[in-house]
Structure formats: structure tokens, C-alpha cells
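Report on the structure given below.
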Amino acid sequence: VEPLLYASGLHQPRGLAVGADGALYVAEGGWSGPGQATIPGRVTRVSGRDQTQVVLDGLPAAGTAQPLFAHSGPGAVVSDGAGLVLFIGPAEGRPQGSVVRLSPTGAAPGPAEPLVLEETPSPAPPPAAQAPAAAVWGAERGPDGRLSAVLPQANLLARVEPATGSTVPVTPFIGAGASNPLPSGVTRALDGTMLVAHFGSPPFPATGQPPGGRLVQVAQDGRWQPLLEGLRFPVAVAFAPNGLLYVLEFASGYDAAGERFLPRSGRVVAIGPEPTRRRTVVRDVDYPTALAFAPTGDLYVTEG
């Protein structure tokens, strides 16, 4: 499918969610680094093609030299039906980042109302997680209102209570050679189990080598098992309204000499109904970071 450019001018988009008003909300990491002007992190509302509105500004900015999964600034964002829940990466004074609840202002908020911070609690540090590596990359909201979040650098799937920010570790994961497989995306199946995407352990395979990404299934008691192998750097996973599973792959390979992932090589893959059946839906995406489905079935993808 040839994708349609929906909105541009974003600065390091990291999270994507469809709000209760039907609009898209993009969590932007911003920019910060030596020799360049700092662009703060922010949340932008996209109500239609090229119809953007910054609804929350002045958030911590992500450093351009930071590792992919250890950035500061806004990350995953989730709609809870009334407002949004935003995860912000580590910052000065908040070594474990923060969980921020965003809600519309006014007694009868309209779709163009700005968002305000309602609560900014810091989640409790999960065991064995290092402070600079506790950024949340992917999150989802369960039917009980609790959030499930994955912290790639901390190698953890955790449940988060949005009202308090308290974090309950669910399970760590083990990659090849007992390495950290970098859990990067999470979604919930109809049977209540969690599906978690594993980006793959460094050193990353180069082009032409077997891909090391996979999808695992996590039961409610935390036990997990591989479900799908051979993915190329998956960063997000979601079910479409029709029940079909979609995986967003960051790149097709890694340039070890240049120490970077191949640009313009990401793709969206549809999986199912059998796990072995895969179909490339969109290709040549430039460093995709998040995906979300509208209730109508339209698929939206951010490029970093």
C-alpha cells in the first residue's frame, strides 16, 4: 500500500494514540544536543490531514545522541477513554522517568481544547533497572484500566497504575545467550494474554543475516513463550479492529561499520490468521516508531 502523508513537521515522534475525540495524539521527543537549539518535547493533536495543534509544550527534550531506547522526553502515550496517559523518560530529578496524566480543560471540553497535566507521579524503580535506562517505549491499556508498559533497556514488562504511578514488574525476558532482547512493543490478545515484541539483542544482525526479532506471548502469571520468530527489529505491535495482527519493523538491517540501522527500510507487516502467514503492507518507511489504529480501521504510523 502506498501510504498517504497525513502530518509533517514533527520532532522525533515516539508515541501515538487515538483519543476519545477521534483525533490522533503524537508524543514528540523534541531535540537537544550540543551546538543546536533545543526543541522541547510536546504532545500534538492531529485532527485531519495537515491539521495539527500543539496541545502540550515545554516537556523535557530527548537528546539526539541518546540510545534509541534510553531517551528522555515524551515516549509512549495511551488513551484511557477520558484523557491520555503519557510516559516521559528519565530527566534530572526523575531518574526513573514519570507517568503523566493528561486531560482536557474546561467543564465541557471540546476537541480543540488544550491538554493539561493532572498528575505527575514518578513510577517506582523496577528491580534491576538502571535509572538512565528506564524509558517506556510501548504501552497499552487493559479493560481494568491498568496500563501495561515495556521498558526495553531495563528488559521489563510492567503493570502501571495511572492514578498513582506505582509500577508492578510482571516479567523480564531472556534473549540469545542470556542477553536482553529489548522488549519494545506490547498489545493484548482477546484471551487476555499479552503479546510483546522483542526488538532483538545487540550486536544487531547486518543485512543478509537472519533477523533476531520475535513476538512472545505472556500469560497473566508472567510466564512467557515465543510465538513468532524472524522479525526485523519490531518496535510496535497492535491488533486491527478486524482482529488481524500488525507488527511495525524499524529497519531491515544494521550497518555495523556506520553503527546505524538502514534508513528508509522499515515496514508494516500483517500477520495471520496463521502465525506463519505474513504480508508486507507498507515498505520503505524511514525509521518508524509507533503505530495506531482508528476505530474505522485506518492505520497510522510515525516516522522518526
Side-chain angles (χ1 to χ4, degrees), residues 14-27 43 45 55-56 59 74-89 94 96-109 111 113-126 129 134-152 154 156-171 183-197 217-224 236-241 243 245 290-295 300:
R14 290 291 185 260
L16 183 64
V18 179
D21 56 2
L24 289 174
Y25 288 86
V26 185
V43 177
R45 180 179 182 271
V55 294
L56 185 64
L59 298 173
V77 60
V78 184
S79 173
D80 68 353
L84 300 172
V85 177
L86 174 69
F87 290 87
I88 299 177
R94 292 184 181 274
Q96 295 297 325
S98 55
V99 182
V100 177
R101 184 173 179 80
L102 309 174
S103 59
T105 59
E113 290 286 342
L115 298 176
V116 296
L117 301 182
E118 185 176 290
E119 297 173 355
T120 56
S122 294
V136 170
W137 185 270
E140 74 89 39
R141 178 178 179 268
D144 58 358
R146 292 183 179 179
L147 306 176
S148 295
V150 284
L151 296 80
L156 190 69
L157 168 65
R159 291 192 180 95
V160 179
E161 176 56 59
T164 62
S166 62
T167 303
V168 179
V170 176
T171 184
S184 53
V186 59
T187 191
R188 187 181 300 270
L190 292 177
D191 60 3
T193 60
M194 308 298 297
L195 300 184
V196 176
Q217 187 174 39
V218 184
Q220 295 185 10
D221 60 3
R223 291 182 296 178
W224 61 275
V237 58
F239 283 99
L245 181 65
L291 84 164
F293 279 98
Y300 297 90

Just wondering, do [Y] and [X] contact through their side chains at under 4.5 Å, heavy atoms?
| X | Y | answer |
| --- | --- | --- |
| Leu59 | Val100 | no |
| Phe87 | Val160 | yes |
| Arg146 | Val168 | no |
| Pro74 | Val43 | no |
| Arg101 | Asp80 | yes |

Residues that Asp221 engages under side-chain hydrogen bond (donor to acceptor under 3.5 Å, both in side chains), provided they are two or more places apart: Arg223
Which residues pass the side-chain hydrogen bond (donor to acceptor under 3.5 Å, both in side chains) test with Arg188, not counting sequence neighbours? Glu140
Scan Leu24, Asp21, Val26 and name whichever one has a side chain to side chain contact (heavy atoms under 4.5 Å, CB included) with Arg45. Asp21
Closest non-hydrogen atom pair, [X] against [Y]:
| X | Y | value |
| --- | --- | --- |
| Val237 | Leu291 | N-CD2, 3.8 Å |
| Gly89 | Ala135 | CA-CB, 4.3 Å |
| Ser184 | Trp137 | O-CD1, 2.8 Å |
| Ser148 | Leu157 | CB-CD1, 4.3 Å |
| Leu151 | Ala158 | CD1-CB, 4.4 Å |
| Phe293 | Phe239 | CD1-O, 3.6 Å |

State which residues pass side chain to side chain contact (heavy atoms under 4.5 Å, CB included) with [X]; sequence neighbours excluded, sorted by chain then number.
| X | result |
| --- | --- |
| Val78 | Ala139, Arg141, Leu147 |
| Ala20 | none |
| Pro183 | Val150, Asn155, Phe173, Asn180, Val196, His198 |
| Asp191 | Ala189, Thr193, Gln217 |

Within this structure, what is the CG-OH distance for the pair Leu16 and Tyr300, rounded to the nearest 0.5 Å? 9.5 Å
Evaluate the side chain to side chain contact (heavy atoms under 4.5 Å, CB included) criterion for residues Leu86 and Tyr25: first the C-alpha distance (whole Å), next the side-chain angles of each, then the deciding distance (0.1 Å), finally the verdict. CA-CA 10 Å; Leu86 174 69; Tyr25 288 86; over 6 Å; no
